[in-house]
Q: 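Below you'll find the structure I mean.
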Amino acid sequence: MNSLDQITPQQKTYFAQYLLDWYDKNKRKLPWRDTKDPYKIWLSEIILQQTRVDQGMPYYRAFIETFPRIQDLAHANEEQVLRLWQGLGYYTRARNLHRCAKYIYDELGGNFPKTYAELIKLPGIGPYTAAAIASFAFDEATAVVDGNVFRVLARVWGIQLEINSTSGKKTFTNLANELVPANRVGDYNQAIMEFGALHCQPKGAKCGECGLASQCHALQHKLVDKLPLKKKKPQARQRYLNYFIIGDGERFWLRQRQDKDIWKNLFEFYLIESEELVENFEIFLPKLKPLFPDFVLESKSRLYKHVLSHQHLHVRFYHLNTPNACVENVLPSNYSLYTIEEIRQLPKPILIHKYLEHCVFSLNLTKI
DNA sequence: AATCCGGGGCT
DNA sequence: AGCCCAGGATT
């Protein structure tokens, strides 16, 4: 492995200059480049967290059109911001975006903080985003360290440290900052990320046509597909969420999830969670019977089953559609009855998870 | 230090 | 269908 102090000043200069030249030739034209407007740069960076350019672009345009200036965003209500964000995921980004706009407009008189140290204090702005805004908008010589930068640095300099460990992050950040050139800081930061996104990709890196090939540690040691190193996280506990859509066709049992655990505040149907996969529906009958005395599977009800999976979460829906389902006094605590119309009007990404949305909007929740 | 937050792309 | 991706906040 290369140690940092083995990198000569000549190597550093060549590295930065190569990336800048590469960037000049290969950069994509993006609406948030070629601007120094911190509002536009900030907005684009928040959208681009965990989001690809292609996916984020329409959202960026919609936000700029709806909120051309930071005061427009600051004056909006949260509901409006969340609806524009709908479909992007990670909704706390939208809440923090709005909070941050209000703070900058109301408390700072609309003056965007200009330094990394000030920016990182703002909600939704961490080390990466603070460095991006500080360097793109204000030419501060501070390195961005995102997934692309981890990958490019790990490969070129042969850094075999885990990028998701605290010490690994620190080392990569230090190296990144040592490599930042004296001029064109913003362009350099854009360049290394663009290079990682378009050329030195996670898979299928274009090493054959790479000007850094002769000094790339990973290429020379056949480590391109191995780097960057990442600490494996132990397999998450598999969770089986068995939902029972219990209703008479007009009203359904629903509750809002509590603050702990996943899907905070989101609505859900009657839930029986199990440690393992339950294939046989009959297993649940003893639990359902007391709550649901009128329930007769054999004759009066219809059963639909839908199965959805994501990561360690396995979600099953049993749709039990029977008459006399909504006896108030057997309703379990913290569940309430909601009409179909009330369910449909709950804001989709904010209060209804995609799984439940699938159920509410594609299953036919009608009277039998 | 570990866990949660949501989408989409790739195989 | 099952992996992989990865900034920031929270605990």
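In what follows, every chain begins at residue 1, and chains take the letters A, B, ... in the order their sequences are listed.
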Q: Could you say whether A:R93 or A:S165 is positioned toward the 5' end of DNA chain B, judged by the nucleotide with the nearest heavy atom to each?
A: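 It is A:S165, whose closest nucleotide lies nearer the 5' terminus.
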Q: Can you name the nearest heavy-atom pair linking A:D34 to A:K27, along with the distance?
A: OD1-NZ, 3.9 Å
Q: Within residues 51-65 of chain A, find the residues that approach DNA chain C with a heavy atom at under 4.0 Å, and present them sorted by residue number.
A: none
Q: Donor-acceptor pairs under 3.5 Å, side chain of residues 120-133 of chain A to any protein atom, not counting sequence neighbours: which ones?
A:
residue : atom : partner : partner atom : Å
A:K121  : NZ   : A:E118  : OE2          : 3.3
A:Y128  : OH   : A:E45   : OE1          : 2.7
A:T129  : OG1  : A:Q49   : NE2          : 2.8

Q: What does A:I125 touch in the nucleic acid at a heavy-atom separation under 4.0 angstrom: a base, only the sugar-phosphate, or nothing?
A: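 The answer is sugar-phosphate, as A:I125 gets under 4.0 Å only of primed atoms, P, OP1 or OP2.
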Q: Which nucleotide sits closest to the side chain of A:P127: C:dG8, C:dG7, C:dC5?
A: C:dG8
Q: Which listed nucleotide (C:dC5, C:dG8, B:dC5) is nearest to the side chain of A:Y90?
A: B:dC5
Q: Nearest whole Å is fine: how far is B:dG8 P from A:Q50 CD?
A: 15 Å
Q: Rounded to whole Å, how long is the line connecting atom CG of A:L88 with atom C1' of B:dG6?
A: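 Taking CG of A:L88 and C1' of B:dG6, I get 9 Å after rounding.
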Q: Could you tell me how far C:dT11 sits from B:dG6 if I compare only their P atoms? Round to whole Å.
A: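 Taking atom P in both B:dG6 and C:dT11, they lie 15 Å apart.
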Q: Among all residues two or more places apart in sequence or in another chain, which pass the ring-ring contact (aromatic ring centres under 6.0 Å, His included) test with A:Y59?
A: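 Residues passing ring-ring contact (aromatic ring centres under 6.0 Å, His included) with A:Y59: none at all.
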Q: Holding to ring-ring contact (aromatic ring centres under 6.0 Å, His included), I want the full list of residues that pass it with A:F15, two or more places apart in sequence or in another chain.
A: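 If we apply the ring-ring contact (aromatic ring centres under 6.0 Å, His included) test to A:F15, skipping adjacent residues, the hits are A:W157.
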Q: Check whether the side chain of A:Y128 and the base of C:dG7 form a donor-acceptor pair under 3.5 Å.
A: no
Q: Take atom CG of A:L97 and atom C1' of C:dG7, then tell me their distance rounded to the nearest Å.
A: 15 Å
Q: Is the closest side-chain heavy-atom distance between A:V149 and A:M193 below 4.5 Å?
A: yes
Q: Hey, are A:S44 and A:R33 close enough side-chain-wise for a donor-acceptor pair under 3.5 Å?
A: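 No pair is found: no donor N or O on one side chain lies under 3.5 Å from an acceptor on the other.
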Q: List in numerical order all residues of residues 112-123 of chain A for which some heavy atom is under 4.0 Å away from an atom belonging to DNA chain C.
A: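 Per residue number, the list reads A:L122, A:P123.
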Q: Quick one: is A:K203 getting a side-chain N or O under 4.0 Å of the C:dC4 phosphate, OP1 or OP2?
A: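 No, A:K203 has no side-chain N/O under 4.0 Å of OP1/OP2 on C:dC4.
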Q: Is the gap between the ring centers of A:F67 and A:H75 under 6.0 Å?
A: no
Q: Take the protein atom CD of A:E45 and the nucleotide atom C1' of C:dG7, then report the distance between them rounded to whole Å.
A: 11 Å
Q: Nearest-nucleotide wise, let me know which of A:N96 and A:K230 is further upstream toward the 5' end of DNA chain C.
A: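 The 5'-side residue here is A:K230.
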Q: Determine the interatomic distance between P on C:dA6 and the same-named atom on B:dT11; round to the nearest Å.
A: 15 Å
Q: Starting from P on C:dA6, measure out to CG on A:L153 and report it in whole angstrom.
A: 14 Å
Q: Can you list the residues that meet the salt bridge (Lys or Arg N to Asp or Glu O under 4.0 Å) rule with A:R61, with sequence neighbours excluded?
A: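 Expected list: none.
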Q: For a 4.5 angstrom cut-off between non-hydrogen side-chain atoms, does A:P31 reach A:M57?
A: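 A side-chain contact under 4.5 Å exists here.
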Q: Whole-Å distance between C:dC4 C1' and A:K226 NZ?
A: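 Distance, rounded to whole Å: 17 Å.
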Q: Look at all strands and tell whether A:T166 reaches a base, only sugar-phosphate, or nothing, counting heavy atoms closer than 4.0 Å.
A: sugar-phosphate
Q: What integer distance in Å separates A:Q201:CD from C:dC4:C1'?
A: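 To the nearest whole Å, that distance equals 15 Å.
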Q: Is the shortest side-chain N to carboxylate O distance from A:K203 to A:D225 below 4.0 Å?
A: no
Q: Compare the minimum distances between each of B:dA2, C:dG7, B:dG6 and the side chain of A:Y91, then state the nucleotide with the smallest one.
A: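 So the side chain of A:Y91 is nearest to B:dG6.
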Q: Expressed as a whole number of angstroms, how long is the span from A:L82:CG to B:dG7:P?
A: 12 Å
